[in-house]
Structures are given as structure tokens and as C-alpha cells.
Amino acid sequence: MYICELMERVTSANLPTRYGDFTIYGYVNKKSKEHHIALTVGDVTGGLPVLVRVHSECFTGDILGSAKCDCGDQYDKAMRAIQKEGRGVLVYLRQEGRGIGLINKLKAYSLQDKGMDTVDANLALGFSADSRDYTEGAEILVDLGVKKIRLMTNNPQKIAGLEKFGLEIIERVIIETEQKEHCKNYMQTKKNKMGHMLAQY
């Protein structure tokens with residue numbers, strides 16, 4: 001059994017949203033002091049598979065409605081799917097810009113405006129193409145009592161990042177969204193350079 005070493009659950013509350021009612025859990029990374037949350041519907045403990053989305057923070061997409069990425073649309077689709085299922089978890093990780101932070105992400109946007117793709121822009125700023133780590137997300141799921149997962153993702157790195165913590169991913173649930181002209185190159189880069197499993201692009 002995996003023992004959580006980083007994440008500490010510090011609070012929980014009922015959270016009515018435009019998608020429906022959730023329970024929200026607040027977590028703190030004991031080393032970095034970074035805050036993360038989980039939103040749940042229904043009883044997610046026990047051996048039955050749970051519909052899960054591990055979503056990395058995207059201020060520009062989730063909050064501002066940016067058309068440069070599919071993040072906000074994926075968040076919206078996942079929240080609706082979990083409510084429809086009546087049982088599930090959305091883990092929201094503070095990993096803006098695939099782990100480089102908001103200001104560096106905006107710098108990457110500026111480089112993309114000049115012709116770079118999202119991977120080359122991150123590299124030009126001195127970062128890896130994807131700096132995210134899924135330890136925190138995995139520990140949150142373990143703490144919530146989740147064992148078997150139906151994971152909403154197109155990212156093979158996320159699958160591998162969660163499986164090494166003893167979580168059993170029994171199904172990958174496709175979470176593709178409507179094509180948008182402004183993020184066509186972004187999506188093609190995710191597919192061709194990062195191995196994302198995308199049928200549309």
C-alpha cells in the first residue's frame with residue numbers, strides 16, 4: 001500500500017456549483033506549501049472504478065476562456081461528466097503552464113506569437129516540454145480512498161505518472177473537445193511532439 005508523504009488534507013466543505021453539488025477538499029503539500037484541491041461526487045471509496053480527471057491549473061483557459069488551448073473546455077466537460085456519472089473526482093493541481101508558472105506561460109505565449117510551437121517555446125525559456133509531476137495528484141486520490149480509475153485524459157504521461165503509485169487505471173476515457181482554429185497548432189503539437197492520443201488532429 002502506498003503511504004502519502006507529501007499531501008495533507010486540511011479541510012473539506014460542500015460546494016454547490018453551476019455543474020451541480022460537489023464536496024471540495026483542500027490539500028497542502030507539506031514540503032512546498034503549495035495548495036491543491038479535489039472535487040468529489042458520491043462515494044469514491046471502495047473497489048468500484050471511479051471516473052477521475054486530474055486537471056492541471058490553466059488560468060488563461062479555465063478562467064479567462066482562452067482559445068489558445070483546450071484546457072477550459074476539458075475542465076467543463078470533465079465536471080459535467082462527473083456530475084452525470086453521479087460518482088467521481090476532479091483533482092485540480094496548481095501546475096500552471098505544464099509546471100512553469102503563469103508569467104513564464106505568458107512569455108511562452110509571446111514566443112508562440114512569433115512562430116514557435118508550445119514545446120519549442122518552453123525549451124527556449126529553459127524549461128522542459130512538460131515539467132509536471134503527478135505525485136501530488138496520485139497522493140490525493142490515494143487519500144480519498146480511490147483504487148481503480150476510469151481516467152479522463154489524452155496524455156500518456158499522466159497515465160504512467162499515476163500508475164506508479166499503485167492506482168489501477170482500468171480505462172482511459174477520451175476527453176476531446178470541439179476543434180478551435182486558434183488552438184489547432186497547439187493541439188497538433190501535443191499530438192505529434194508529446195504523444196497525446198488525439199483523433200481529431
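Sequence positions, counted from 1, serve as the residue numbers for this chain. Heavy-atom basis, side chains included; hydrogens, waters and symmetry copies ignored. Everything quoted here is computed from the prediction, not taken from an experiment.
With contacts defined as side-chain heavy-atom distances shorter than 4.5 Å, the pair Y109/T60 qualifies. Residues F22 and T17 meet the side-chain proximity criterion, which asks for heavy atoms closer than 4.5 Å. The closest side-chain heavy-atom distance from L39 to V89 is not below 4.5 Å. Inter-residue side-chain proximity for I140 and Y25 is flagged as unmet; no heavy-atom pair is nearer than 4.5 Å. Considering only heavy atoms from C-beta on, D113 comes within 4.5 Å of K68 through its side chain. The shortest distance between side-chain heavy atoms of R172 and N154 falls below 4.5 Å. Residues V44 and V52 have side chains not in contact (no heavy-atom distance under 4.5 Å, counting atoms from C-beta outward).
The main-chain N or O of V28 is never found under 3.5 Å from a side-chain atom of E34 such that the two would form a donor-acceptor pair. Under the 3.5 Å distance criterion, the side-chain polar atoms of E57 are left unmatched by any main-chain donor or acceptor of L93. The backbone N or O of R94 sits less than 3.5 Å from a side-chain atom of H36, completing a donor-acceptor pair. Proximity of a side-chain donor or acceptor of D76 to a complementary backbone N or O of G72 within less than 3.5 Å is not detected. A donor-acceptor pair under 3.5 Å is formed between the side chain of R87 and the backbone N or O of P49. In this structure, Q112 contributes its side chain and T118 its backbone to no donor-acceptor pair below 3.5 Å. D120 contributes no side-chain N or O that, together with a main-chain N or O of M116, makes up a donor-acceptor pair within less than 3.5 Å. Checked by atom type and distance alone, the side chain of E136 never pairs as donor or acceptor with a backbone atom of N29 at under 3.5 Å.
Here OG of S128 is found 9.0 Å from CD1 of I100. Values are rounded to the nearest 0.5 Å. Taking NE2 of H55 as the reference point, atom SG of C71 lies at 5.5 Å (rounded to 0.5 Å). The OG atom of S56 sits 10.0 Å away from the CD atom of Q74 when rounded to the nearest 0.5 Å. Rounded to the nearest 0.5 Å, atoms CD1 (I24) and CD1 (I37) are 4.0 Å apart. The structure places CD1 of I103 at 9.5 Å from CD of E96, a figure rounded to the nearest 0.5 Å. M152 contributes atom CE, which lies 11.5 Å from atom OH of Y75 (distance to the nearest 0.5 angstrom).
Taking each heavy atom of N122 and A108 in turn, the nearest pair found is OD1-CB, 3.9 Å. Between G20 and Q83, the shortest heavy-atom contact is C-NE2, 3.4 Å. Heavy atoms only, all atoms of each residue included: G88 and V50 are closest at CA-CG1, 3.8 Å. Listed here is the closest heavy atom pair of R132 and G99: CG-N, 3.9 Å.
A single hydrophobic cluster is not seen to contain both L125 and F59; linkage of ILVMFWY side chains at heavy-atom distances under 4.5 Å, directly or through other members, places them apart. Cluster annotation: I169 is connected to V54 through the hydrophobic network of ILVMFWY side chains, with a link wherever side-chain heavy atoms come within less than 4.5 Å. Both L111 and F127 belong to a common hydrophobic cluster when Ile, Leu, Val, Met, Phe, Trp and Tyr are linked at side-chain heavy-atom distances under 4.5 angstrom. One hydrophobic cluster, built from ILVMFWY side chains closer than 4.5 Å, holds both L51 and L15.
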Working for side chain to side chain contact (heavy atoms under 4.5 Å, CB included), residues Y134 and E139: CA-CA 9 Å; Y134 295 104; E139 288 201 357; over 6 Å; no

K105 vs C58, side chain to side chain contact (heavy atoms under 4.5 Å, CB included): CA-CA, chis, key distance, verdict: CA-CA 10 Å; K105 175 181 169 181; C58 178; 3.0 Å; yes

Evaluation steps, side chain to side chain contact (heavy atoms under 4.5 Å, CB included), between Y19 and I82: CA-CA 9 Å; Y19 304 102; I82 289 169; over 6 Å; no

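Of the N and O atoms on the side chains of T153 and N155, not one donor lies less than 3.5 Å from an acceptor on the other residue.
With salt bridges taken as basic N to acidic carboxylate O contacts below 4.0 Å, none links K158 and D130. Between D73 and K77, no side-chain nitrogen of the basic residue sits less than 4.0 Å from a carboxylate oxygen of the acidic one, so the salt-bridge criterion is not met.
Atom NZ of K30 sits in a crowded spot, with more than 12 heavy atoms from other residues, nucleotides or ligands closer than 6.0 Å.
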Can I get a per-line list of side-chain donor-acceptor pairs under 3.5 Å for residues 143-151, giving both atom names and the distance, sequence neighbours left out?
unit_1: D143; atom_1: OD2; unit_2: R9; atom_2: NE; d: 2.8
unit_1: D143; atom_1: OD2; unit_2: R9; atom_2: NH2; d: 2.9
unit_1: D143; atom_1: OD2; unit_2: Y27; atom_2: OH; d: 2.6
unit_1: R150; atom_1: NE; unit_2: E171; atom_2: OE1; d: 2.9
unit_1: R150; atom_1: NH1; unit_2: E85; atom_2: OE2; d: 2.8

